[in-house]
Amino acid sequence: MAEKTTKGLMDAARFAVLADAYGSALHRWPQAEQAAATLFAETNQGRAILRRAGRLDAVLDRHRVEAPSPALYGAIVARATADVRQGRRRRFWWLGFGLAGVGLAGAVAGLALVTVVNPDIQSDHYVMDANATSFGDAGPDADQTEEDL
Amino acid sequence: MGADPDEELVRRIGAGDPAAVQAMVARKLPRVLGLARRMLGDAAEAEDVAQETFVRIWRHASGWRWKGARFDTWVHRVALNLCYDRLRRRREWVTDELPEVADETPLPDALPGDEERRVSQALQRIAPRQREAIVLVYYQDLSNIEAASAMRVSVDALESLLARGRRALQAMLVGDDGDD
């Protein structure tokens, strides 16, 4: 998005092109061409081109937008306060999850290290199956001699 | 293009500063509302767009970083996207595409005090991209580079849209007596 630069004088054709696009107020014109345009604007040709562009500008200036109502301002600020607070809370939770994740990763790494260093440690836990109870195997396939009595 | 005048305010919003939130609304709401009002030609829809634009500002403020384009330009881009969503919704039952050709039939002469509505109607009758260019440069006072950046076009393309849009408005609002 490079801007054209006008070194020195501007010709009438370029001045007219810019007036067609940007209107009669030179402050809206491309910054790099404003100095040359200001010089040309002092000429009769320049004045005529700006006068023509200024007619449309005068009409466009009649379109004004009313200032935002206090109700709209209040609604946006109220929503913003809630959103910003929620955003901070969300960041806090993500920080918590992050710390928990780091802790969990450390535990996993530690377990992996112990497994690698001492792989012969056998688990001595008892695997409960679906039929097991604290009284032993009392499921449907258990010894039914007592029930048969 | 110097440092971004909004950068500090955006940083404070990202840090959750309520005073910065209020300052940002006071600074940007008139601009966003003006943009949406002129793009859509409807006060109620413009207020909706303004509210949605600020929701996006709060959501993205903490992650926003200055990368050449100003925060104000980004805000304009967000508001314009929301305006286009609404313009498409209005026309989707007629056509999928927004018209590129303006209806340049001269508008009837305005009664005293009715000029503003006449200008608003004329703005709605030109092609949306031409309207967008004129609103950004003429009414929002964005520089040509900022406006081109917000529209994602080259400066030459922006100037072409501006010139075509102004010619169409000239035909509708001023007539041929615009020529000397």
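By convention in this document, chain letters (A, B, ...) are assigned in the order of the sequence lines, proteins followed by strands, and residues within each chain are numbered from 1.
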Undergrad: Should the pair B/R152-B/E146 be classified as a salt bridge under the 4.0 Å nitrogen-to-oxygen rule?
TA: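 B/E146 and B/R152: not salt-bridged.
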Undergrad: In terms of side-chain geometry, is the basic nitrogen of B/E8 or B/R27 positioned less than 4.0 Å from the acidic oxygen of its partner?
TA: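 Salt bridge: no.
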Undergrad: For the candidates B/Q22, B/R38, B/R37, which exhibits the highest count of non-hydrogen atom pairs separated by less than 4.5 Å from chain A?
TA: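 Option with the top pair count is B/R38.
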Undergrad: Can you say whether A/A25 sits under 4.5 Å from chain B via the side chain, the backbone, both, or neither, judging by heavy atoms?
TA: neither
Undergrad: Taking the basic N atoms (NZ, or NE/NH1/NH2) and the acidic carboxylate oxygens, is any pair closer than 4.0 Å for B/D6 and B/K28?
TA: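 The answer is yes: the pair qualifies as a salt bridge.
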Undergrad: Can a salt bridge be assigned to the pair B/E45 and B/R90 using a cut-off of 4.0 Å between side-chain N and carboxylate O?
TA: yes
Undergrad: So which residue, B/L158, B/V55, B/I134, ends up with the most heavy-atom pairs under 4.5 Å with chain A?
TA: B/V55
Undergrad: Relative to each other, are the rings of A/F15 and A/F40 parallel, tilted or perpendicular (30° and 60° limits)?
TA: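 Correct class here is tilted.
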Undergrad: Examine whether an atom of B/F54 lies under 4.5 Å from a heavy atom of chain A, and if so say whether it belongs to the side chain, the backbone or both; otherwise answer neither.
TA: side chain
Undergrad: Does any heavy atom of chain A fall under 4.5 Å from the side chain of B/A61, the backbone, both, or neither of them?
TA: neither
Undergrad: Between A/D61, A/V17, A/L60, which has the largest tally of heavy atom pairs under 4.5 Å with chain B?
TA: A/L60
Undergrad: Any Lys/Arg nitrogen of B/R86 or B/E52 sitting under 4.0 Å from an Asp/Glu carboxylate oxygen of the other?
TA: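 Counted as a salt bridge, because a side-chain N and a carboxylate O are separated by less than 4.0 Å.
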Undergrad: Which one of A/R62, A/R64, A/H63, A/E66 has the most heavy-atom pairs closer than 4.5 Å to chain B?
TA: A/H63
